[in-house]
Every structure is written in C-alpha cells, then in structure tokens.
Amino acid sequence: MVTAKVWVLKKHFEGFPKTSDFDLKKIELPNLKDGGKCSATSSYFFRSVDPYMRPYSRRDMKEGDIMIGTQVARIVESKNPAFTVGAFVVARSGWRTHFISDGKDLQLLPSSWPESLPKSLALGTVGMPGLTAYFGLLEVCRMKPGETVLVNAAAGAVGSVVGQLAKIGGCKVVGCAGSDEKVAYLKKIGFDEAFNYKTVTSLDEALRKASPDGYDCFFDNVGGEFASIAINQMKKYGRIAVCGAISQYNDSVPQKGPYVQVPMIFKELRMEGFIVTRWNNRREEGLKALLKWVLEGKVKCHEQVTEGFENMPIAFIGMLKGENLGKAIVKI
Ligand SMILES: NC(=O)C1=CN([C@@H]2O[C@H](COP(=O)(O)OP(=O)(O)OC[C@H]3O[C@@H](n4cnc5c(N)ncnc54)[C@H](OP(=O)(O)O)[C@@H]3O)[C@@H](O)[C@H]2O)C=CC1
Ligand SMILES: CCCCCCC/C=C/C=O
C-alpha cells in the first residue's frame, strides 16, 4: 500500500487563483492486482503547471477533484508489458505524487531521448508546449520564409519556441514579454526585435517600430487588448493563430471589444483558433523535429523551476502572474 499526496481543487477559482482554493490531501493507493495496470511515481521527477489549468478547471472539474495536469514519472511497478519498470513516461495523472494507470493516459518518452537531456523538457520544449508552437506555426500560421511573425507571451513555454522555430523557418521575429529580463532573453535566443509590453508608452507605436511594414503572422497567446491592437497591424492576407487568451482567463466579467470584423475584412485576414491535440496523430513527427533542433542547439530551452510538491499552487499562481522565464516546472 502506497500513500500518495494529491492537490485538490477545494473551491472553483473566482478571479485570480489563490492558495486557499487548493487543498493538499493524502490518499491510499491499492496494491496492483489487475493485469494491464501499472503504478508510477514521480516523487523525484517533474510536474508541469500550465495556463490551460485555469480555464479547463472551470470547464472540466468540480470542487473536490484532483487538479488536472501532466508530469514526467517513472514506472515503479507494472503488470502492463507496454510500460516496464524503470521506464519514463509523460502522464496525464493530475497533481499527485503517485498513481496507478491502465496506460491510456501515459506516453513513453521518445526512444531516442538522450540520457544527458533533462527529462523535464518533455513537459515543455519537447512536449505539449513545443508541439503547440510547431503545429500552430506550420499548420495555422502557415509561415513562409521572409515573412514577419509576431508572438506575445514570447518568453514563455510556447512563445519562446514559436520565435525560435520561426527563425529556423527563415522569418523575422518580433516578441513581446512582461519584463526587461525576459526581453534580454528573447534577444539572446535570436528574436530580431523584442520589447516589454508593460513599459512601452504605446503598444501600437512599439509594434509599428518593430516592424514598420506590419505582420504576416501573429501567434496570439494573450488575446484581449493586445490582440485588438495587433490586429490593426497585420499585412494583407495575414494569418492569426489564436493559441491562448491568458489575459482573459481570470476575468469574472468578460472583456468587451474592440471587435475584429473590420480589420479582418479590409486586410482579408485568416484567424483560426486551435488546440494542439488536433495533431495527436502527428505527435511523433513534432517531437522528433523538436528533439533534433534542441540537440543541435538550434532551439534553446529555459525552465523556471519551483522545488517541492507542496509548492504546486504557488508555482501555478506565479506562472499566471508572469514570474516564469521559459517553462514553469515543479521539481520534487
Ligand atoms: N491552444 C493550445 O493548444 C495551447 C494553448 N496554450 C496557450 O498558450 C499561452 C502560453 O502558454 P504557456 O507558454 O504554457 O505559458 P507561459 O510559459 O507563456 O506562461 C504564461 C505567461 O503569460 C503571460 N501573461 C500572463 N498574464 C498576462 C496578461 N494579462 N497579459 C499578457 N501576458 C500575460 C506571462 O508572461 P509575461 O511576463 O510576458 O506577461 C506569463 O509568464 C497560454 O495562453 C496558453 O493557454 C498553451 C498550450 C496549448
Ligand atoms: C496533455 C494535456 C493536454 C492539454 C491540452 C492543452 C490545450 C491548451 C489549451 C489552452 O491553454
């Protein structure tokens, strides 16, 4: 019998999440008996905190449920031949230290994963956020060499990969982030232009200065006011990938326009929302490409690591506040 620690959603978030919305509990896991099941622990591995947990908690969870989320875990006991003891998996297990799985919510790390590469990257650049950047740019933005790409929340898990992949694809890249440290990081990893959207006197002017001719592609992680301003600087036939709307996730009252129709008509824009799981059938292709670029040093990775399972709510709230540079990870 193993005792697992779990974080539970005690109370649905109202506005910005608070630590008092979470409860740390202990649950007993039964011994493994069933064929096809395996037990895993990540007591000394990595967990992910991601923006989607905020909107998805309202949509998919009820109070008292274990918080949704993924982790890199190691199989410690198994009656499932697909997941042998010692194997590392990305598990959609929620915020818990130990769990038992029938394997449906587990994915083995790519077999070519080198021993020297941190396995936490499977939650970031070589995982769901990296795939979001990859498919969002290739399939939604349909970026072409020579084009100009704009990305916001650019120093985060998705945005930092978007910028670097767009450079690999031969584009000019403009990124915006919420601190000078983040802006310096963006320049270090190859963004052509970067600015702090919190300190510029006019976002409109800053976007115009960064690319006087406008933008072919806009990879929008933020939505809200930023997107309303940026849409007016799209080039004719520009493409907007609506990836996230983090500026709106904590709103209790929905924000009002400006509305998109007029710039969309006059510039003949294409604006498409997407969820990365649309390309689950091409996951292997995306991970293989991302892993290769990371190993070649063409895509750099940064992680904001918080230590300790007990600090998961703090790490989650910190990420929503913008305290992370790169992927927000909790290391146990
Ligand atoms: N459609 C899909 O399939 C997926 C969508 N996403 C979305 O992509 C976006 C980025 O996710 P991810 O890279 O994991 O997270 P990040 O690592 O970028 O972390 C979130 C960042 O958002 C920025 N932010 C927070 N609040 C605001 C605000 N009010 N206005 C502007 N920026 C804000 C902060 O950076 P800063 O300091 O720059 O403000 C913060 O660091 C999110 O919107 C997420 O929901 C993610 C994965 C899959
Ligand atoms: C592995 C869990 C699947 C998460 C899908 C995330 C989609 C994100 C949407 C917005 O953030």
Side-chain angles (χ1 to χ4, degrees), residues 15-17 47-60 67-72 89-94 104-107 122-125 127-137 139-141 151-163 175-186 191 194-200 203 219-230 241-251 255 272-280 283 286-287 301-304 315-329:
F16 217 90
R47 291 192 178 75
S48 185
V49 284
D50 298 86
Y52 75 81
M53 294 164 179
R54 175 65 179 86
Y56 278 49
S57 68
R58 176 62 73 179
R59 199 193 67 165
D60 295 347
M67 275 299 294
I68 48 176
T70 52
Q71 58 177 292
V72 172
V89 290
V90 173
R92 263 196 339 269
S93 54
K104 289 194 186 116
D105 48 5
L106 305 182
Q107 266 151 348
L123 300 173
T125 305
M128 185 277 285
L131 292 171
T132 304
Y134 180 87
F135 290 113
L137 270 178
E139 300 299 336
V140 185
C141 284
V151 58
N152 47 20
V158 175
S160 58
V161 183
V162 168
C176 316
S179 75
D180 293 345
E181 183 202 3
K182 291 185 181 186
V183 168
Y185 176 70
L186 295 179
F191 280 59
F195 64 85
N196 180 344
Y197 71 93
K198 288 185 179 164
T199 55
V200 290
L203 183 55
F219 195 108
D220 186 13
N221 288 316
V222 168
E225 193 188 351
F226 188 107
S228 300
I229 293 173
V242 183
C243 174
I246 196 163
S247 70
Q248 296 163 242
Y249 294 166
N250 295 306
D251 289 346
Q255 294 177 26
E272 182 179 347
F274 72 97
I275 294 183
V276 60
T277 48
R278 191 195 303 181
W279 297 280
N280 271 351
R283 197 171 170 273
L287 291 181
C301 317
H302 194 279
E303 293 177 327
Q304 193 75 44
F316 174 59
I317 292 167
M319 177 276 302
L320 291 175
K321 283 185 188 159
E323 289 169 3
N324 60 308
L325 174 61
K327 177 74 188 94
I329 293 287

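As the structure lists them, so they are numbered: ligands from 1, and atoms in each ligand from 1. Heads up: numbering here begins at 1 and tracks the sequence. Basis for what follows: all heavy atoms, side chains included, without hydrogens, waters or symmetry-related copies.
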Measuring from [X]:[atom1] to [Y]:[atom2], what's the distance to the nearest 0.5 Å?
X: Asn280; Y: Phe135; atom1: CG; atom2: CZ; result: 9.0 Å
X: Leu325; Y: Tyr185; atom1: CG; atom2: OH; result: 6.0 Å
X: Arg283; Y: Gln107; atom1: CZ; atom2: CD; result: 3.5 Å
X: Cys243; Y: Asn221; atom1: SG; atom2: CG; result: 4.5 Å
X: Tyr197; Y: Lys182; atom1: OH; atom2: NZ; result: 7.0 Å
X: Met319; Y: Gln304; atom1: CE; atom2: CD; result: 11.5 Å

Inset, instruction - List every atom of ligand 2 that sits less than 4.0 Å from any heavy atom of Thr70, numbering the atoms from 1 in the order shown and giving each element. - result: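 Close to Thr70: 1 (C).
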So which heavy atom in the protein is nearest [atom], and how far is it from that ligand atom?
atom: atom 7 (C) of ligand 2; value: Tyr56 OH, 3.6 Å
atom: atom 3 (C) of ligand 2; value: Thr277 CG2, 4.4 Å
atom: atom 2 (C) of ligand 2; value: Arg92 CD, 3.8 Å
atom: atom 10 (C) of ligand 2; value: Tyr52 CB, 3.6 Å

Inset, instruction - Please check if any side-chain donor atom of Lys327 sits under 3.5 Å from a side-chain acceptor atom of Ser48, or the reverse. - result: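 Note: Lys327 and Ser48 side chains meet the donor-acceptor criterion.
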Between ligand 1 and the protein, which N/O pairs are shorter than 3.5 Å?
from	atom 1	to	atom 2	distance (Å)
ligand 1	1 (N)	Cys243	O	2.9
ligand 1	1 (N)	Phe274	O	2.8
ligand 1	3 (O)	Val276	N	2.7
ligand 1	8 (O)	Asn221	OD1	3.3
ligand 1	13 (O)	Ala157	N	3.2
ligand 1	13 (O)	Val158	N	2.7
ligand 1	17 (O)	Ala157	N	2.9
ligand 1	17 (O)	Asn324	ND2	2.9
ligand 1	19 (O)	Asn324	ND2	3.3
ligand 1	32 (N)	Tyr197	OH	3.2
ligand 1	35 (O)	Lys182	NZ	3.3
ligand 1	37 (O)	Gly178	N	3.3
ligand 1	37 (O)	Lys182	NZ	2.6
ligand 1	38 (O)	Gly178	N	2.9
ligand 1	39 (O)	Tyr197	OH	2.5
ligand 1	41 (O)	Lys182	NZ	3.3
ligand 1	41 (O)	Asn324	OD1	2.6
ligand 1	43 (O)	Asn221	O	2.8
ligand 1	43 (O)	Tyr249	OH	3.3
ligand 1	45 (O)	Tyr249	OH	2.6

Legend entry - Glu139 atom CD: more than 12 heavy-atom contacts under 6.0 Å: yes
